[in-house]
Q: 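First the structure, which I've put down as structure tokens, then a few questions once you've had a look.
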Amino acid sequence: MHILSFSGKYRMSSPRTTPSTTGALLTHGLTLLVFFAASSAPTPLYRVYQQTWHFSATWLTAVFAMYAIALLAALLTGARLSDHLGRRPVIGMAIALELLSMLLFIIAGSAPALLLARAVQGAATGLAASTLGAALMDTDPRRGPDLNSIAPLVGLAAGALGSTALAQLAPAPLSLVYAVMGLLLILCAVLTWRTPETVVRRPGVLASLRPRVSVPPSARAALLAVSPLNIALWMLGAFYLSLMPTLIAQASHSSSLWLGGASVALLTLSGAAAVWLAMKRHALHALLAGATLLAAGTACIRWAAVHGSTTGLLTGSVLAGAGFGSSFLGSLRTVLPLAAPHERSHLMGVFYIESYLSFSAPAIALGFVVQHEGLIAAVNLYSATILVLTTAAIGWIVLQRRHVRAPSPG
């Protein structure tokens, strides 16, 4: 049971596993999974949108980047909101916004309308990511980082595969997936309202909306230690959720949506498997293993893109995905436990701000390179940047290993 104080902050007793705790943990994990499934659902459909509405690769990456930009704006303004209003009300607000975005996707009829839907979705996801991350840590500080790592990856895979399956096998490919996501979001809203609140309301709601980027002093060195690797892995994620389906279609000379959805699913499912395997490992070991696998997978993707190898692209997806999952878990395990309970949502916000800046800005640049130099030249430049960052990150993590000392669980 949580013990709450009225001193402007809150504290928690030592976590105990109870039916209430387990139920809340599963509910918040499921909600996070659904949000990320919704975020990847448009990815396999981008080629359909392009063929239907005839817009360029620059427009495509702009639509993708708008999601990340809106997400960043939500993090900057809303990361601390749940510290004042409570976790459940802010999760409810995020679900309402996400439902609005699903409706906008369904009625979209042009690239600008698609951009608007992605912007609303980004704002909803940004609000949800920091709040659900904090709620998971409130509920169980030991298992919270694990679910914070694995739920987004499983969600991204489920969204990509589910969207692909519905587009290939069911009617109304550009609307049915969003209707299904809407029903899941309504279920999450009902379940969330049955979970215990972990934060006492306190004044300062309007002040909390002022953008402010800061990291608790206790977590600054650790965040700096993992930043180069975190930037590299989110750059890779941006490529997969924007242009990987186009690349694999070009390599395979196939018009099927299955390969594009499969490449995203392989990346994220292997990432989830890596998280599962790394749960008992020290954060330093998870980071180093993740960086090595990320470099190997990126090199494989670079080679496969040049040689038009579909097998190589899928193999690289598995390797890079394992690196993504292990690196992401190691980063969360290193940083999040260092924050006090009342600092968690803000620290989660800063962590995601760094992540989504790495997710959005390079993707916009990638779109311009594709437009002017071609897809393969863009992949070569982009993958080379990730390789340089990842190689540098390995040395940096070793040098900063004294800050990467979070104990392994259990």
Side-chain angles (χ1 to χ4, degrees), residues 33-34 36-51 57 60-61 64 150-170 173-174 176-178 180-181 233-277 293-294 296-326 328 359 363 366 370 375-376 378-379 382-383 386:
L33 185 154
V34 171
F36 277 87
S39 76
S40 68
T43 298
L45 303 178
Y46 281 150
R47 284 178 53 229
V48 180
Y49 285 125
Q50 274 190 294
Q51 292 165 4
L60 174 60
T61 52
F64 168 78
I150 204 166
L153 293 170
V154 174
L156 289 169
L161 284 179
S163 178
T164 301
L166 290 175
Q168 292 286 99
L169 305 175
L174 298 183
L176 183 58
V177 64
Y178 305 116
V180 172
M181 287 296 170
L233 66 91
W234 283 95
M235 282 182 64
L236 180 75
F239 171 72
Y240 266 79
L241 292 184
S242 58
L243 290 177
M244 185 59 174
T246 302
L247 175 62
I248 202 163
Q250 180 173 308
S252 64
H253 305 289
S254 170
S255 60
S256 171
L257 299 180
W258 282 111
L259 284 174
S263 64
V264 175
L266 282 174
L267 179 87
T268 53
L269 287 176
S270 62
V275 168
W276 184 265
L277 292 173
L293 286 167
L294 188 66
T298 302
C300 184
I301 291 164
R302 180 184 172 88
W303 176 88
V306 172
H307 292 85
S309 170
T310 304
T311 302
L313 289 173
L314 295 176
T315 301
S317 297
V318 173
L319 291 172
F324 190 112
S326 186
F328 190 52
F359 198 62
L366 179 63
V370 171
L375 182 59
I376 301 303
V379 171
Y382 200 79
S383 60
I386 294 174

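Count residues from 1 along the sequence.
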Q: Quick check for you: to the nearest 0.5 Å, what is the distance between Leu314 atom CG and Ile248 atom CD1?
A: 4.0 Å
Q: Quick one: closest heavy-atom pair of Phe359 and Trp234, and the distance?
A: CD1-O, 3.3 Å
Q: If you define the side chain from C-beta out and look only at heavy atoms, does anything of Leu247 sit under 4.5 Å from Ile376?
A: yes
Q: Find the distance between CG (Leu236) and CD1 (Ile301) and round it off to the nearest 0.5 Å.
A: 5.5 Å
Q: How close do Ala322 and Ala274 get, heavy atom to heavy atom, and via which atoms?
A: O-CB, 3.2 Å
Q: So Pro173 and Gln168, do their side chains get closer than 4.5 Å, heavy atoms only?
A: no
Q: So do the side chains of Phe239 and Ser383 get within less than 4.5 Å of each other, counting heavy atoms only?
A: no
Q: So, taking the atom named CG in Leu313 and the one named CD in Gln250, what distance separates them when rounded to the nearest 0.5 Å?
A: 10.0 Å
Q: Taking the side chain as C-beta and beyond, is there a heavy-atom pair between Pro44 and Pro245 under 4.5 Å?
A: no
Q: Can you tell me how far apart CD (Gln51) and CG (Leu45) are? Round to the nearest 0.5 Å.
A: 11.0 Å
Q: What are the two closest heavy atoms between Ala305 and Val379, and how far apart are they?
A: CB-CG1, 3.8 Å
Q: Sorted by first residue and then second, give each side-chain hydrogen bond (donor to acceptor under 3.5 Å, both in side chains) pair with at least one member in residues 151-161; sequence neighbours left out.
A: none
Q: What heavy-atom pair brings Ala304 and Gly312 nearest, and what distance separates the two atoms?
A: CB-C, 3.5 Å
Q: Is there a donor-acceptor contact under 3.5 Å linking the side chains of Thr268 and Tyr240?
A: no
Q: Counting heavy atoms not belonging to Trp276, are there more than 12 under 6.0 Å from its CH2?
A: no
Q: Counting N and O atoms only, with roles assigned by atom type, does the side chain of Ser39 sit under 3.5 Å from a partner on the main chain of Phe36, one being a donor and the other an acceptor?
A: yes
Q: Could you give me the CA-CA distance, side-chain angles and deciding distance for Thr298 and Leu319, then say whether side-chain contact (heavy atoms from CB on, under 4.5 Å) is met?
A: CA-CA 8 Å; Thr298 302; Leu319 291 172; over 6 Å; no
Q: Return each pair, listed once, that meets ring pair (Phe, Tyr, Trp, His ring centres under 6.0 Å) where at least one residue sits in residues 303-322; pairs must be two or more places apart or across chains.
A: Trp303-His307
Q: Please set out all donor-acceptor pairs under 3.5 angstrom arising from side-chain atoms of residues 151-164, sequence neighbours excluded.
A:
| unit_1 | atom_1 | unit_2 | atom_2 | d |
| --- | --- | --- | --- | --- |
| Ser163 | OG | Ala41 | O | 2.6 |
| Thr164 | OG1 | Ala160 | O | 2.8 |

Q: Just verifying a value: how many Å separate Tyr382 OH and Met235 CE, rounded to the nearest 0.5 Å?
A: 4.5 Å
Q: Looking only at non-hydrogen atoms, find the nearest pair between Cys300 and Gly316 and report the distance.
A: SG-N, 3.7 Å
Q: Any idea which heavy atoms bring Met244 and Ser263 closest together, and the distance?
A: CG-OG, 3.5 Å
